[in-house]
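Only one structure is covered here, and it is reproduced in the block below.
Every number for a ligand or one of its atoms is a count from 1 in the order of the listing. The first residue of the sequence shown is numbered 1, and numbering continues consecutively from there. These values consider heavy atoms only, across backbone and side chains, with no hydrogens, waters or symmetry-generated copies.
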Amino acid sequence: MTLERTYIMVKPDGVERGLVGEIIKRFENKGFQLVGLKFLSPTRTILEKHYADLSSKPFFPGLMTYMTSGPVVAMVWSGKGVVKAGRVLLGETNPLASLPGTIRGDFCIDVGRNLCHGSDSVENAEKEIALWFTEGVVSHNRVVERLIYE
Ligand code: DAT
Ligand code: MG
């Protein structure tokens with residue numbers, strides 16, 4: 001079975017606030033599988049590609065400043081429906097509109113400090129994984145798979 005994959009990133013505020021473990025924990029608890037993980041200081045170049053669709057937005061310069069303010073944790077998670085479910089775990093783009101129980105609903109307030117990124121479609125997920133993980137991700141058959149999927 002080839003499972004869906006998504007690109008999840010803990011943004012600089014999430015790293016600085018010590019929420020990396022908390023964010024990873026929520027994806028692990030759900031049953032999704034971590035297949036790519038790295039800690040890096042993103043360049044403007046990679047961020048401009050990642051956020052290319054937002055380049056004309058008024059908040060784009062601020063977004064670039066925020067995203068280059070410190071290191072991020074880049075991850076690839078795999079699992080059934082992980083793109084959509086990952087967005088549910090993250091919450092709404094605007095944290096104040098995010099329900100408690102979601103990462104943004106529980107831990108942040110402003111849209112420009114919303115802790116984490118999650119791909120918004122399967123197609124964009126694959127593009128983002130190709131952009132951030134040029135070296136590829138791991139391939140591993142988990143022993144627990146049959147306890148998570150029927
Ligand atoms: P998401 O991150 O939920 O996919 P998006 O792709 O529309 O949301 O925007 C990317 C990031 O840009 C978002 O996480 C925070 C920032 N952003 C979006 N809308 C914004 C706004 N109105 N004001 C300030 N920052 C914004
Ligand atoms: Mg987005």
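For ligand 1, the protein residues placed under 4.0 Å by at least one non-hydrogen atom are Lys11, Tyr51, Leu54, Phe59, Leu63, Arg87, Thr93, Arg104, Val111, Asn114.
Partners of Arg87 according to the salt bridge (charged side-chain N to carboxylate O under 4.0 Å, His left out) rule, which considers only residues two or more places apart in sequence or in another chain, do not exist here. Take Glu123 and apply the side-chain hydrogen bond (donor to acceptor under 3.5 Å, both in side chains) test, not counting sequence neighbours, and it matches no residue.
Under the 6.0 Å distance and 45° angle rule, Lys38 counts as a cation-pi partner of Phe133.
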Practice task
Output, in order, the C-alpha distance, side-chain angles, deciding distance and verdict of side-chain contact (heavy atoms from CB on, under 4.5 Å) for Val88 and Thr102.
Solution key: CA-CA 7 Å; Val88 173; Thr102 65; 5.6 Å; no
Expected list for residues 52-63: side-chain donor-acceptor pairs under 3.5 angstrom, two or more places apart:
{"unit_1": "Ser55", "atom_1": "OG", "unit_2": "Ala52", "atom_2": "O", "d": "3.1"}

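Ring geometry, His117 versus Tyr7: the interplanar angle falls from 30° to 60°, so the pair is classed tilted.
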